[in-house]
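Remarks on the structure that follows.
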Number of protein chains: 2
Amino acid sequence: MGIMNQFGLIDQPIFAITRYGKPVMIVQNEVQKQLRNFIDKGGYLPGDRLPAERELIESLGVSRTSLRKGLDALEREGTIWRHVGKGTFITSIGESSPAQPPVSSISRQVTPVQMMRARLSLEPAIAREAAANSSAEAVGRIKSCRDKAFEANSWDLYEIQDDALHRAIADATGNVLLLSLFDHLNQVRRAVAWAQVIRATEKPSRDHTSFHEHNVIVNAIEARDPVAAHAAMQAHLRSVSARLFGEI
Amino acid sequence: MGIMNQFGLIDQPIFAITRYGKPVMIVQNEVQKQLRNFIDKGGYLPGDRLPAERELIESLGVSRTSLRKGLDALEREGTIWRHVGKGTFITSIGESSPAQPPVSSISRQVTPVQMMRARLSLEPAIAREAAANSSAEAVGRIKSCRDKAFEANSWDLYEIQDDALHRAIADATGNVLLLSLFDHLNQVRRAVAWAQVIRATEKPSRDHTSFHEHNVIVNAIEARDPVAAHAAMQAHLRSVSARLFGEI
DNA sequence: GGATCCAACCAATCGCAACCAATCTTATAT
DNA sequence: ATATAAGATTGGTTGCGATTGGTTGGATCC
């Protein structure tokens, strides 16, 4: 390939001096013209794939070196787009798709213990932020959730309200990003819980330790005590963890 | 599945230049388009089961590899879900997740300070988990990243290597979910940083405080000292934060 | 001397086929 | 009738060969 400067390939002279002293734009590589023609006549639309280079050199009757020089120009210009192993494509507008792996894929790989450790990594910090930043209305919503969870008369309903409580806390941070992280975690948690442990362990004793723990958390947040909120949430999750696995 | 890079599947052109200024909405996986069409024409309703992959490749006339790539996209998008031994199903409304808002939306709403607080909420905990669980190979990768960051001779390159270092730490937790949370955070961070602060602040002093902080973190992880790792990461982020905002 | 051509090689990707593990179905034994 | 085992089906994974854009070095031509 040619020499690179900071803008790209140094390729053709931009202009030349005729014998009569009049500058003339050279504009294009001969091959470049052929390529443009080939694309137009061939009816290629945005997104379409051009023939492979090794085929093009036969269609156009040029060497691969100069073909690639022409393609380089077209790519620099933005007309085409190339990628090794795939081919050369007519440029089109696509969404930049960041493409996180789907939750189902994650939930398949993550073990219940890892899930618990992830919750322990994130949720106490969220409780701390909530204590530091929550508005009065947010605290009100949290307390409402706590009460509904307490009054829940079925195990399923309790889980729903427990979910809502934890999410209300994340919402109380006033930090969209933290809320988004919590939601992401929670989505995976639902998938994992559904597929694995929870249902296997005993469902009975809607023991009141969780309710007490909830109270400690909510009180710490209402008291705007970040350290206590962090500790309370950590204790709560450790308690849940202990019930599931018998330890951390 | 295709090869993953740190952003996801390598697939179609990420961006393109509209020479005529008119954006042309195109490009999904091609197969993805076919699949969407197939689902619509086939009258599949939420909860219905799609034909097996080995049948679909005949109906659509594509290879199983690329079919699965299309299905991956649809699953990530939430329109289908799959389970080994059962099949592929159209997502039913009940179990459809609340649809995470796209990264772009979040990055628009989140302030740099909130971003920093989110990092402070998650990354120290990740460092702790890394110290507790990292394998020897993982530590090696981390140290390699640290060295590359140290040797970076441009600010841009440093940022890239710094990114890689932090991600290597998240990877060292061995916890797919934590890694996924980190990636989610990082995606938003890139969008926010790009749009707002970072570039506005001074770029000069590649001061060595960050390098020293990196060393402290890496050493703590290598020493398998979770508490120290947590503290070191927290100190590092506080230091970065101080440089950006002048305080926490 | 510089551009061009050619051939060989590299690395990313794709298509294919075989294999794995979870699940469902069916047959068989008690 | 129920329980258990064997087989079939399904999504998930891996390895191989072919294809494709990217790169390099030497031969050739002006």
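We name chains A, B, ... by the order of the sequence lines, and we start the count at 1 in each one. Note that this is a predicted model, so its numbers are computed, not measured. All heavy atoms count here, side chains included; hydrogens, waters and symmetry mates do not.
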Rounded to whole angstrom units, what separation is found between the [atom1] atom of [X] and the [atom2] atom of [N]?
X        : N       : atom1 : atom2 : answer
Leu71(A) : dT20(D) : CG    : C1'   : 12 Å
Lys86(B) : dA22(C) : NZ    : C1'   : 10 Å
Glu58(A) : dC5(C)  : CD    : C1'   : 15 Å
Ile57(B) : dT9(D)  : CD1   : P     : 15 Å
Glu53(B) : dG15(C) : CD    : C1'   : 15 Å
Leu74(B) : dG11(D) : CG    : P     : 14 Å
Phe89(B) : dC24(C) : CZ    : C1'   : 11 Å
Glu75(B) : dT10(D) : CD    : P     : 18 Å

Donor/acceptor link under 3.5 angstrom from Arg54(A) side chain onto base of dG21(D):
yes
Should the ring pair His166(B) and His214(B) be called parallel, tilted or perpendicular, given that the plane angle runs from 0 to 90° and is split at 30 and 60?
perpendicular
Which nucleotide wins on minimum distance to the side chain of [X], given the candidates [options]?
X        : options                   : answer
Lys69(A) : dA22(C), dT4(C), dG21(D)  : dT4(C)
Val84(B) : dC6(C), dG11(D), dT20(D)  : dG11(D)
Arg68(B) : dT20(D), dT13(C), dT13(D) : dT13(D)
Arg82(A) : dG21(D), dA12(C), dC5(C)  : dG21(D)

Please determine whether a side-chain nitrogen or oxygen atom of [X] lies at a distance below 4.0 Å from atom OP1 or OP2 of [N].
X        : N       : value
Thr88(B) : dG11(D) : yes
His83(A) : dT13(C) : yes
Thr65(A) : dA3(C)  : no

Sorted by position of nearest nucleotide on DNA chain C, 5' first, the leading residue of Leu67(A) and Arg64(A) is Leu67(A)
Pairing of Arg82(A) and Glu53(A) as salt bridge, 4.0 angstrom limit:
yes
If the threshold is 4.0 Å, N to carboxylate O, is there a salt bridge linking Glu123(A) and Arg189(A)?
no
Hey, are Arg243(A) and Ser239(A) close enough side-chain-wise for a donor-acceptor pair under 3.5 Å?
yes
Does CZ belonging to Arg167(A) count more than 12 external heavy atoms closer than 6.0 Å?
no
